[in-house]
Amino acid sequence: MNRYIFVLLACTIIGQTLGDYPPCVQGLTCKTFTPQDKPDFHFDCAYIQAENSKDLVYHMHGNDGLGSKGMFFDLMLKLAEAGFSSLACDQRGFSPVHPPTM
């Protein structure tokens, strides 16, 4: 059973807008997940399963909006080469139709 490594990164990307994030890249799987017990929740995520994975890295970010999982695509591919599986979701992992309220 894998342990989970949670990496919290604060990222500021100068000059990059929401439209600049690619929807997915070769080598990653991008998919919308819906929990069976919460059919109105949807999580847009990207993941990669490393061969002989050592651990899972969950990439978290500030609320950079839809498509923001794309800021981690290059890092996810490099981590997979080093033996780490990765998961990144848009909206800090919150469902777009049920974001947290302040």
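Since the structure is predicted, the reported quantities are computational estimates derived from the model, not experimental observations.
At least one donor-acceptor pair closer than 3.5 Å links the side chain of Asp90 to the backbone N or O of Gly67.
Cysteines Cys30 and Cys45 keep their SG atoms at least 2.5 Å away from one another.
In the displayed structure, Asp37 atom CG is contacted under 6.0 Å by more than 12 heavy atoms of other residues, nucleotides or ligands.
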* List the steps, then state whether side chain to side chain contact (heavy atoms under 4.5 Å, CB included) holds for Ser85 with Gln49. => CA-CA 5 Å; Ser85 298; Gln49 177 70 44; 3.2 Å; yes
* Given side chain to side chain contact (heavy atoms under 4.5 Å, CB included), test Ser68 with Tyr21 step by step and report yes or no. => CA-CA 7 Å; Ser68 55; Tyr21 294 124; 4.1 Å; yes
* Show your reasoning for whether side chain to side chain contact (heavy atoms under 4.5 Å, CB included) applies to Phe33 and His42. => CA-CA 6 Å; Phe33 294 96; His42 308 286; over 6 Å; no
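Closest approach of Val57 to Phe84, counting heavy atoms only: CG2-CB, 4.2 Å. Nearest heavy atoms, Pro23 versus Lys69: O-CE, 4.1 Å.
Atom-to-atom distance recorded for Lys31:NZ and Cys24:SG is 12.5 Å, nearest 0.5 angstrom. Between Ile48 atom CD1 and Glu51 atom CD the span is 11.0 Å, to the nearest 0.5 Å. Atom OG1 of Thr29 and atom OH of Tyr47 lie 4.5 Å apart (nearest 0.5 Å).
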Could you go through residues 72-83 and list every donor-acceptor pair under 3.5 Å that involves a side-chain atom there, pairing it with any protein atom two or more places apart or in another chain?
none

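Using a 4.5 Å heavy-atom cutoff, the side chains of Ser86 and Tyr58 are not in contact.
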